[in-house]
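What follows is one structure encoded as structure tokens, with my remarks underneath.
Since we're looking at a predicted model, the values are computed, not measured.
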Amino acid sequence: QVQLVESGGGLVQAGGSLRLSCATSGSIFTFDAMGWYRQASGKQRELVAAITSGGSTNYADSVQGRFIISRDHGKNTVYLQMNSLKPEDTAVYYCSGGYYSGSYYYPLDYWGQGTQVTVSS
């Protein structure tokens with residue numbers, strides 16, 4: 001059973017940066033793709049970014065140009081570099097393992113516990 005463990009969240013001022021990490025207990029090649037989701041209080045979970053095993057990436061419009069998803073195969077870790085953070089980025093961020101069908105990312109039932117990101121204005 002592959003486990004996903006997120007880290008790197010915290011409190012940051014608007015305009016600041018954070019880097020989230022998602023360490024997997026097994027090989028990240030277990031998954032065709034991996035993604036980062038976030039869930040703000042009272043809102044539905046939304047896909048923020050996803051990356052294929054080949055390194056192709058997709059981003060939500062709200063984070064395009066500010067966030068960068070990447071993966072380190074040797075460390076079995078996926079990262080989310082978040083720059084120019086805004087108060088509306090405040091949420092619990094979750095790592096997921098999944099796959100692509102066409103141009104859409106679909107999560108499998110593999111989730112981390114989440115890491116809180118709070119951006120103050």
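Note that CG of D32 is 10.0 Å distant from OG of S101, once rounded to the nearest 0.5 Å. Separating the CD1 atom in I68 from the OH atom in Y79 is a distance of 14.0 Å, to the nearest 0.5 Å. Atom CG of D89 and atom OG of S62 lie 7.0 Å apart (nearest 0.5 Å). Taken to the nearest 0.5 Å, the CD atom of Q81 stands 9.0 Å off from the CG atom of L20. Once rounded to the nearest 0.5 Å, the distance linking CG of L11 with CD of Q116 reads 9.5 Å. For the atom pair W36 CH2 and S96 OG, the distance stands at 9.5 Å (nearest 0.5 Å).
Residues that satisfy the side-chain hydrogen bond (donor to acceptor under 3.5 Å, both in side chains) test with Y93, not counting sequence neighbours, are R38. Every side chain to side chain contact (heavy atoms under 4.5 Å, CB included) that A23 has, sequence neighbours left out, goes to T77.
Counting heavy atoms from C-beta on, the side chains of M82 and V117 come closer than 4.5 Å.
A single hydrophobic cluster is not seen to contain both V48 and V5; linkage of ILVMFWY side chains at heavy-atom distances under 4.5 Å, directly or through other members, places them apart. One hydrophobic cluster holds both Y106 and F31 under the rule that ILVMFWY side chains link at heavy-atom gaps under 4.5 Å.
The aromatic ring centroids of Y37 and W111 lie less than 6.0 Å from each other.
Side-chain contact of S56 with Y100: a donor-acceptor pair under 3.5 Å is absent, judged by distance alone.
Among all heavy-atom pairs drawn from S17 and N83, the shortest one is OG-OD1, 3.0 Å. Between Y105 and G98, the shortest heavy-atom contact is OH-N, 3.2 Å. In terms of heavy-atom proximity, M34 sits nearest to V78 at SD-CG2, 3.3 Å. In terms of heavy atoms, L85 sits closest to R66 at CA-NH1, 3.9 Å. Residues G112 and Y94 come closest through the heavy atom pair O-CD2, 3.7 Å. Across every non-hydrogen atom of A49 and Y59, the tightest pair is CB-CD2, 3.6 Å.
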Quiz prompt | side chain to side chain contact (heavy atoms under 4.5 Å, CB included) between Y110 and T24, intermediate numbers included | solution = CA-CA 10 Å; Y110 290 93; T24 65; over 6 Å; no

Exercise. Could you give me the CA-CA distance, side-chain angles and deciding distance for E46 and Q44, then say whether side chain to side chain contact (heavy atoms under 4.5 Å, CB included) is met?
Key: CA-CA 6 Å; E46 63 172 350; Q44 288 189 328; over 6 Å; no

Quiz item: Given S53 and R71, is the side chain to side chain contact (heavy atoms under 4.5 Å, CB included) satisfied, shown in steps?
Solution: CA-CA 9 Å; S53 56; R71 59 197 299 173; 4.2 Å; yes

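In this structure, T57 contributes its side chain and I51 its backbone to no donor-acceptor pair below 3.5 Å. Looking at E6, its side chain does come within 3.5 Å of a backbone N or O of G114 through a donor-acceptor pair.
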